[in-house]
Amino acid sequence: MAKQQQTSSYSSGGNIIPTPEEAATFQPQVVAEGGWEKCWEDGVTPWDQGRATPLILHLLDSSSLPLGRTLVPGCGGGHDVIAMANPERFVVGLDISEKALKKANETYGSAPNAKYFAFVKEDVFTWRPDELFDLIFDYVFFCAIELELRPAWAKSMYELLKPDGELITLMYPITDHVGGAPYKVSVSAYVRRCVGSLGFKAVSIEENPDSIPTRKGKEMLARWKKIN
Ligand SMILES: C[S@@+](CC[C@H](N)C(=O)[O-])C[C@H]1O[C@@H](n2cnc3c(N)ncnc32)[C@H](O)[C@@H]1O
C-alpha cells in the first residue's frame with residue numbers, strides 16, 4: 001500500500017510524503033501490529049520529511065523562536081531537534097522508539113551542534129525531568145496518539161513547561177478523514193485541551209504559511225503561553 005502512494009505523493013529530501021488520508025490507510029495497521037517501534041523497524045514512516053519542518057526554519061530565520069530549554073515530544077528522526085539546537089537553545093528530542101532514536105543519533109550524532117541537543121528514550125506521558133522547558137514544539141505527535149490520550153497530552157505539555165513557557169503546536173491534519181494514526185485534528189480540539197481545561201492562553205492562531213504541498217490547507221499554527 002505504501003508503495004502505491006508514491007506516484008501521487010510529494011517527495012522531500014528523498015522521502016515520499018503521502019497525504020494524511022493516504023497514510024491513515026496503511027500506518028494504523030503497522031502501529032496496531034507492533035507499535036511505533038515496528039513502524040521504525042519496517043521503515044513505515046510516512047510522516048517523515050527527512051529534513052527540518054519548513055516552518056521551524058522560517059521561525060529561526062525570522063528570530064521568532066524562543067530561546068532556552070526546548071522539548072520536541074515524539075521527535076522521530078530528530079530533524080527539528082538539530083535544526084533548533086544552538087548554544088542558547090538546548091533541545092531534548094523525546095521518543096519511545098529505540099530504533100527512531102538510533103536513526104536520529106546515526107544521522108545527527110556528529111553534527112557540529114551535537115552538544116546542544118540530546119535524544120532521550122522516554123514516554124511523554126510519564127517522563128518528568130527535574131528541569132522544565134521554556135519551549136515545546138509539537139508537530140505530528142498530537143495526531144499520532146489515541147484520542148483518549150488527548151487530555152493526558154495537554155496535562156503533560158502543561159507539566160513539562162516552565163511558568164510562562166511557550167507551547168507551539170503545528171496542528172495537523174485538519175481533515176475529515178476517519179481513523180488513524182494520523183487522527184484528524186481541529187483547532188477547537190486544541191482549544192478544548194489547552195485553553196479550556198488548563199492554564200494556557202492562545203497568543204496566535206493562523207494558517208501555517210510554510211506547509212509542504214501535501215499538507216497545504218490542512219495545517220494551522222498556534223502559539224500558547226502557560227499563564228498559571
Ligand atoms: C508520527 S511520528 C512523528 C515524528 C516527528 N514529530 C515528525 O514530525 O517527523 C510520532 C512519533 O511519536 C513517537 N511516540 C509515540 N508515542 C509516544 C510517547 N508516548 N512518548 C514519546 N514518543 C512517542 C513515535 O515513536 C513516533 O516516532
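Side-chain atoms are counted along with the backbone in the values below, which use heavy atoms only and exclude waters and symmetry mates. Read the numbers this way: they start at 1 and go in the same order the structure lists the ligands and their atoms.
- Taking each heavy atom of Glu21 and Lys218 in turn, the nearest pair found is OE1-NZ, 3.3 Å.
- The closest approach between any non-hydrogen atom of Trp127 and ligand 1 is not below 4.0 Å.
- Those atoms of ligand 1 that come under 4.0 Å of a heavy atom in Cys75, given as number and element, are 5 (C).
- Scanning the protein heavy atoms around atom 22 (N) of ligand 1, the nearest turns out to be Ile96 N, 3.2 Å.
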Audit row: Leu135, Leu71, side-chain contact (heavy atoms from CB on, under 4.5 Å) steps and yes/no: CA-CA 6 Å; Leu135 171 66; Leu71 176 68; over 6 Å; no
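- Between Gln27 and ligand 1, not a single N/O pair is under 3.5 Å apart.
- Trp153 and Asp138 share a donor-acceptor pair across their side chains, judged by distance under 3.5 Å alone.
- Contacts of Pro73 with ligand 1, taken as heavy-atom pairs under 4.0 Å, are absent altogether.
- Counting protein heavy atoms only, atom 27 (O) of ligand 1 is closest to Asp95 OD2, 2.7 Å.
- The closest side-chain heavy-atom distance from Pro54 to Gln49 is below 4.5 Å.
- Close N/O approach between Tyr139 and ligand 1 is found [any backbone or side-chain N/O within under 3.5 Å].
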Test log, rule side-chain hydrogen bond (donor to acceptor under 3.5 Å, both in side chains), inputs Glu146 and Tyr183: CA-CA 8 Å; Glu146 300 295 320; Tyr183 295 97; 3.0 Å; yes
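- Considering backbone and side-chain N/O of Ile145, none are found under 3.5 Å from N/O of ligand 1.
- In terms of protein heavy atoms, atom 4 (C) of ligand 1 is closest to Gly74 O, 3.2 Å.
- When each atom of ligand 1 is checked for a heavy atom of Trp40 under 4.0 Å away, the hits are 25 (O), 26 (C), 27 (O).
- Of all protein heavy atoms, the one lying nearest to atom 7 (C) of ligand 1 is Trp47 CD1, 3.6 Å.
- Side-chain contact between Val81 and Phe119: present, with at least one pair of heavy atoms (C-beta onward) separated by less than 4.5 Å.
- Taking a 6.0 Å sphere around NZ of Lys216, one finds it holds more than 12 heavy atoms contributed by other residues, nucleotides or ligands.
- Close approach of ligand 1 to Phe125 is summarised as follows: ligand atoms under 4.0 Å from at least one heavy atom of the residue are 19 (N).
- For the pairing with Arg215, the side-chain contact (heavy atoms from CB on, under 4.5 Å) check across Val140, Ile174, Asn208, Leu170 returns one residue only, Val140.
- In this structure, Glu88 does not pair ionically with Arg69, as no charged nitrogen and carboxylate oxygen lie closer than 4.0 Å.
- Remark: distances from the non-hydrogen atoms of Gly77 to ligand 1 are all 4.0 Å or more.
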Worked check of side-chain contact (heavy atoms from CB on, under 4.5 Å) between Leu221 and Ile168: CA-CA 7 Å; Leu221 165 66; Ile168 298 182; 3.6 Å; yes
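- Closest to atom 19 (N) of ligand 1, if we only count protein heavy atoms, is Asp123 OD1, 2.9 Å.
- Proximity of Glu37 to ligand 1, defined as any heavy-atom pair under 4.0 Å, is not found for any part of the residue.
- In terms of protein heavy-atom proximity, atom 20 (N) of ligand 1 is nearest to Val124 N, 3.0 Å.
- Summary of contacts: the protein heavy atom closest to atom 10 (C) of ligand 1 is Val140 O, 3.7 Å.
- Under 4.0 Å is where a charged nitrogen must lie from a carboxylate oxygen, and between Lys102 and Glu106 at least one such pair does.
- At a threshold of 4.5 Å between non-hydrogen side-chain atoms, the residues Lys103 and Trp40 count as touching.
- Listed by atom number, the atoms of ligand 1 under 4.0 Å from Ser97 heavy atoms are 25 (O).
- For the ligand labelled ligand 1, residue Glu122 lies inside the 4.0 Å heavy-atom shell.
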